[in-house]
Amino acid sequence: MTKKEANNSMDKIVSLCKRRGFVFPSSEIYDGFTAVYDFGPYGVELANNIKKEWWKAMTQLRDDVVGLDSAIFMSPKIWKASGHVKGFSDPLTECRKCHSRLRLDTMLEEVGVFADEKMSEEEINNIFNENKDKIKCPNCGASDFTPAKQFNLLVQSNLGNFTGDWSKEPTYLRGETCQGIYVNFKNVLDSSRVKIPFGVAQIGKAFRNEITARQFIFRTREFEQMEMQYFIKPGDDAQYYEEWRQARWSFYLSLGIKETNLKWHKHENLVFYAKEAYDIEYNFPFGFKELEGVHARGDYDLSVHSQASGQDLNYLDPVSNQKFIPHVIETSAGVGRTFLAVLTEFYREEELDGDLRIVLALPPKLAPIKIAVFPLLKNKPELVAKAREIFNQLKLDYRCEFDDNGNIGKRYRRQDEIGTPFCLTIDFDTLEKDEVTVRERDGMQQVKIKVEEIKNYFQTKF
Ligand code: ATP
């Protein structure tokens, strides 16, 4: 795909998101708020369905992973101990002409020069100097930049600070959800029946002061993570790392994502906590980019928290009586990035009777609305009443939508764009012969079924 085509397809997705209520720019009536987005009526359903699938795969379908929902605010001591206060940063440079602040590693990568946010200031500035002529400011085109400095991404708040004195130690909004898991390791161990190896899964908001936030919901300053930390015996790292890499790859296939749109990326420069790190990348309209990280973190996290808190976070093996600090395999995915990957994967444009038909060919389990129910005509009370009756039954089991507005063709098109797999129309045959018409999104076939068969029919479809 050329850059122009990529922009084009990204624009189409962004436009669909706004037009149909999937994603809105934050604070839009106040000119927006950079790098923050809101999920609209259909967006929240899709995001919830993604989270539901992840939660099911990670907890319900396994007997070795339990859930957790830790608070966003935590003791600032956690972020000091974890290394984030010191080392959670990206290289920032400033354009001397227009004063845009830019993230240097991604700018280098965009012109084909290998760079990584984990490089030291000196390392990345050396590469920068060697390639200065290749890099232009994306906002004004100038090629005059300040040397890069590591910029800390933690977002600070004044929670609990009633003096207004900002020199006091700040409270942070969590930069990743997994710290809440590490600091609850002992609580989970002591209160549930888990034994090593076991995992703790959590979905929640994280916040990062991202320097350049472009590409829609791919990189935002407030986002949601789906993270799982798997605690293992030291020495078992390679086995479980491989198992989790496969499990996470299969998860995306289970969402209907084509394997050719996924790729592994191995990190050569490791972030301060990691022993081994691979990303699963997805083929977004702007190229293959990180969707999820799978990291072997060794004993780093529990060791630093054990030292800094003075609490013994050793695990006592009930069989061997051995004591050890468990090692951790982490899987860390973003809800927003999975959402964007799903939209990219299932967005289709087709020609239909000289018109453009836009379809979100979502798998039924991800579709925001499962069944749309239409009375053929709005001004026939008998049809509307019957349609309401059927809708009221179906809504007990499925997320449904009732729509009596406009002609049927237009109603179908609207549901196609939001990815509704089935539309059910109540017409005069319903009143006379107890039959409804079910129209299927992808092939647009229509079948007549008896009212009493509706329940069974959808049970086989979902
Ligand atoms: P990147 O290199 O793209 O900045 P990262 O390596 O810093 O990402 P991790 O810290 O490994 O990301 O976070 C795990 C996951 O959380 C990522 O794979 C991504 O899906 C999601 N994520 C991280 N940062 C953001 C962000 N700013 N906006 C949206 N999702 C994010």
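Just so it is clear, the values below take in all heavy atoms, side chains as well, and ignore hydrogens, waters and symmetry mates. Counting starts at 1 for both ligands and their atoms, in listed order.
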Problem - Phe218: numbered ligand 1 atoms lying under 4.0 Å from its heavy atoms - result: 28 (N), 29 (C), 30 (N)
Exercise for the section: Would you mind running through ligand 1 and noting each atom that sits below 4.0 Å from a heavy atom of Glu210? Expected result: 24 (N), 26 (C), 27 (N)
Exercise for the section: Mind listing the closest non-hydrogen atom pair of Trp54 and Ala201 along with its distance? Expected result: CH2-CB, 3.7 Å
Practice task
State, yes or no, whether a side-chain contact exists between Arg337 and Lys289 at a heavy-atom distance under 4.5 Å.
Solution key: no
Problem - Any Asn261 side-chain heavy atom under 4.5 Å of Tyr282 side chain - result: yes
Exercise for the section: Could you label the plane-to-plane angle of the Phe458 and Phe462 rings as parallel, tilted or perpendicular, counting under 30° as parallel and over 60° as perpendicular? Expected result: tilted
For [atom], which candidate among [options] holds the nearest heavy atom?
atom	options	answer
atom 30 (N) of ligand 1	Phe88, Phe223, Phe207, Phe339	Phe223
atom 14 (C) of ligand 1	Gly336, Ala341, Ser332, Ala206	Ser332
atom 10 (O) of ligand 1	His295, Arg208, Gln225	Arg208

Problem - Residue portion contacting ligand 1 (non-hydrogen atoms closer than 4.0 Å) for Asp279 - result: neither
Handout entry: ligand 1 versus Glu292: contacting region, heavy-atom distance under 4.0 Å
Key = backbone
Practice task
Please confirm whether Glu176 comes under 4.0 Å of ligand 1, counting heavy atoms of the residue only.
Solution key: no
Exercise for the section: Check whether any heavy atom of Arg103 sits under 4.0 Å from an atom of ligand 1. Expected result: yes
Problem - Within-cut-off N or O pair, Gly334 and ligand 1, under 3.5 Å - result: yes
Exercise for the section: Compute the centroid of each ring, for Phe218 and then for Phe216, and state whether the two points are separated by less than 6.0 Å. Expected result: no
Handout entry: Over-ring placement of Lys263 relative to Phe288, 6.0 Å and 45° cut-offs
Key = yes
Exercise for the section: Inspect the contact between Glu242 and Arg245 and indicate whether a charged nitrogen and a carboxylate oxygen are less than 4.0 angstrom apart. Expected result: yes
